[in-house]
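Reviewing the structure listed below.
Residue numbers start from 1 in every chain, and the chains themselves are labelled A, B, ... in the order their sequence lines are given, proteins ahead of strands.
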Amino acid sequence: MPQEIEPKWQKIWVDRGVMDASDKSPKPKYYDLVMYPYPSGDLTVGHARNYVMGDVLARLKRMQGYEVLHPFGWDAFGLPAENAAMKRGGIHPKTWTVENIAKAKRELKMIGILYDWDREVTSCMPDYYRWTEWLFLLFYERGLAYRAMSPVNWCPVDKTVLANEQVINGRCWRHPDVEVEKRDLEQWFFKITDYAERLLNDLEQLDKWPHKVRVMQTNWIGRSEGAEVDFPVAGHEGESIRIYTTRPDTLFGSTFMVLAPEHPLVEKVTTAEHRARVREYVERARKETEIERLSTEREKTGVATGGFAINPVNGEKIPIWVADYVLVTYGTGAIMAVPAHDERDFEFAKRYGLPVREVIAPAGSGGEELRDAYIGPGVMVNSGQFDGLDSKTGSDRVIGWLEEKGIGKRSVKYRLRDWLISRQRYWGCPIPIVYCELDGIVPVPYDRLPVLLPEEYKPLADNPDFWRTRCPRCGRDARRETDTMDTFVDSSWYFLRYASPHDENEPFDPELANHWMAVDQYTGGVEHAILHLLYSRFFTKVLHDAGLLDVQEPFMRLFNQGMVKRFGQVMSKSAGNGVSPDELVDKQGADAGRIYEMFIGPPEEDVEWNDSGLNGVVKFLHRVWRLVLQPESIEVTAGARDGGDAVLLRRRVAQTIKKVTDDYEDLRFNTAVAYLMELANTMQDYLQGGGVRDEGWDAAVHTLVKLLNPIGPHISEEMWERLGEGGPDRGLLADATWPEFDAAVAAEPEVTLVVQVSGKVRDRMAVAAGLSEEQALAIAMASDRVRAALNGSKPSKVIYVRDKLINLVP
RNA sequence: GCCGAGGUGGCGGAAUGGCAGACGCGUCGGUCUCAAAAACCGAUGAGGGCAACCUCGUGCGGGUUCGACUCCCGCUCUCGGCACCA
């Protein structure tokens, strides 16, 4: 049965352009977006679950009268295509990608997911990446793309550099068992740090994002407030070391300084007798991998330089050390060590016998020796004119004093680093830059885009036909940039391209983008909580600043769906536990599969796939089919529960409209399905109780079919046609209007009043809704069981919650 | 270590101060059948009782409240994120 009706309706929807979005519709717009996938050829019901959620919402919003934009596309550049190509001996990454896209597209259509395929974008196609290049030039023009030599993260397996966000615990995000190496290379960066403050502050507006994601982004940006202070170097007139501290109140407690091994002043402050040891230490630190160096488990190491600095607040001479627990990439690459009030400095001081001086006294403390660093707030002591101030006021005063003396200043730092976008790969978007001996770095002019990837699959740096060019400025021989861009650049703006996917003059038409943006609902995996979502927010702000976009935030409401597991592991073809949409549809049809995917558990939670659970949904659909189309086949049963009560049926229908509508809108699909099942059960009870098939019954049938449509679109469309309401000649259920309900009908006229004695349920009685406390009390006291529980005493206190409960306390 | 989410029947889960376990799976019993499957009907948290009913029950220990799965404090376990960021 599903095998017949499902393809039939899928064809009709496409022919009718049901999900084609009109740019000129007078209806309010709704932009429903799912994260575009990497076409890995591994589509499972796990991925499908995500797309079904988006589809349910799109279908609902259409019926509610919105002009819905529900597009789809492919994040099609990237390493797996190259790796697969290599594995399969000479197949081109493009061939592999295109094949996978075709396959995935067929499967998406098969489960009845409707997209506006006219707007499909594919990031590896020249008509898309041309505009990624264009945007690079815009960033370059605005001073947001720059080239710099820097120590970078290098994945030895992928043979490319990685962004900070792609390094997890010192290992490559794609290869959890491969340690990332450090290399010094000239690379392209996007200056995302310029937007750190705005990316942080605007998180507050995103109140419809999961709290978790906002916290993760906040931590990633890592704002801290403090001061930069200059410590003069003893014996080197005019030379000083700048440090950053978040605790200016502890300045008097600094008993030594620490430079990062890569700090430029290390050589200068090192004395002759320490030189050999310092050089050896610095050399060793350089060679260590990130993971060795960042391990907090490891004991801290360091060496004295023999040099001294002057603490500017008290004129004390303190030794300068070099240690790799100080990072050159954060703050100024140098710290003042305050062992009494910093755990790391404390550990280091203990190990090397350096002095510890307490300058913050915790409230009510004696003067006993410190066993650990005290990092909390307190009162300043041993701090000259600042003694007696609390930490917070003290910090402010110290900063004020430093600024007055010109030896320090207030400073805000971020953990966020600039985004390294260069990748040494073939299958990515070319960076449109030319290197000319005379003119240096020259951007390819906008009108000469795109810089096309060569057909031949080999590293761009090994392909002179690609990199040999002429300088766009002077016409001399020049060399093209052979790095490609991180694929996260491609995905940072694809949601804008959907607004005008065929625009041949610009990345997107600002007018259309402003019409559709922001995305009303964005659905995807939580693994993108930082990377993709932070980069897309950054792009949106840059484009706003360039006057191309009105909005400053791309995604209004974000939802992270859970993953589907099987045998305790995330489902995937490579893990061997995947169930493909093909198999699912073959088994019981697309509708049963869709509904089961929604019913299996809360949408945000990971769920365990269970083949037998599908049967319950199939049974439910059979029951609905019978109720709607063959109600006469349901026999009246003696002793049926609800006795064919027409008023009750009407009420249940109204209540179900409310619950299911609310649940769909809040993406609580699992409970929406449960309520639909309840309605079907009620309808069955009604018939079995001898209920008449009058207008009330017809209304129930029509409502059930409509409410079912977003999740089970084929079967409901078929039933709609057979009811004589729609079909190819009369209009589709997909175009019908969403049912409304009358609150008065939904209201329960009679409620079950729970009677408690001392908070324990002693009786339940059916009463009219809206009783006064006196009436309720009288009814409650009429109960034998309540009187028994009260044991003769009079209630001294009565709590009455209208239409719910009355609690008698003796 | 820090931050965040969570712990409810045999299982997936529902209920966010007011009837714990909706809905479904599974199991058991029944109808139909020569039989089985399917379908349909019923039962199904634990303990006690012939029964009406009673007692206990939402990770553990306290607290607030007439009343707590729900709010507060402490602990514990699981999962996710961050982790020498000065």
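- In this structure, A:Gln217 does not reach the B:G81 phosphate: none of its side-chain N or O atoms is under 4.0 Å from OP1 or OP2.
- Within the structure, a side-chain polar atom (N or O) of A:Gln688 is placed less than 4.0 Å from OP1 or OP2 of B:C41.
- Position along RNA chain B of the nearest nucleotide to A:Val607 versus A:Ile335 favours A:Val607 as the more 5'-ward residue.
- Ion pairing between a basic and an acidic side chain is recognised when a charged N comes within 4.0 Å of a carboxylate O; A:Glu678 and A:Arg652 show no such pairing.
- In terms of phosphate contacts, A:Arg242 brings no side-chain nitrogen or oxygen within less than 4.0 Å of OP1 or OP2 of B:A86.
- Annotation: B:A22 and B:G45 have their P atoms spaced 8 Å apart (nearest Å).
- Where RNA chain B pairs in unbroken runs of 3 or more (Watson-Crick or G-U, both distances under 3.5 Å), the stems are B:1-7 with B:76-82, B:10-12 with B:23-25, B:26-31 with B:39-44, B:45-48 with B:53-56, B:59-63 with B:71-75.
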Would you tabulate the pairs of protein nitrogen or oxygen atoms and nucleotide nitrogen or oxygen atoms of nucleotides 1-7 of chain B closer than 3.5 angstrom?
none

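- Between A:Asp663 and A:Lys659, no side-chain nitrogen of the basic residue sits less than 4.0 Å from a carboxylate oxygen of the acidic one, so the salt-bridge criterion is not met.
- A:Tyr664 and A:Phe669 have tilted rings, their planes meeting at an angle from 30° to 60° on a 0 to 90° scale.
- OP1 or OP2 of B:A83 sits under 4.0 Å from a side-chain N or O of A:Arg415.
- Listed pair A:Asn670 / B:A14 meets the phosphate criterion, a side-chain N or O lying under 4.0 Å from OP1 or OP2.
- A salt bridge links A:Asp396 with A:Arg410: the closest approach of a Lys/Arg side-chain nitrogen to an acidic carboxylate oxygen falls below 4.0 angstrom.
- Distance CH2 (A:Trp625) to P (B:C40): 16 Å, rounded to an integer number of Å.
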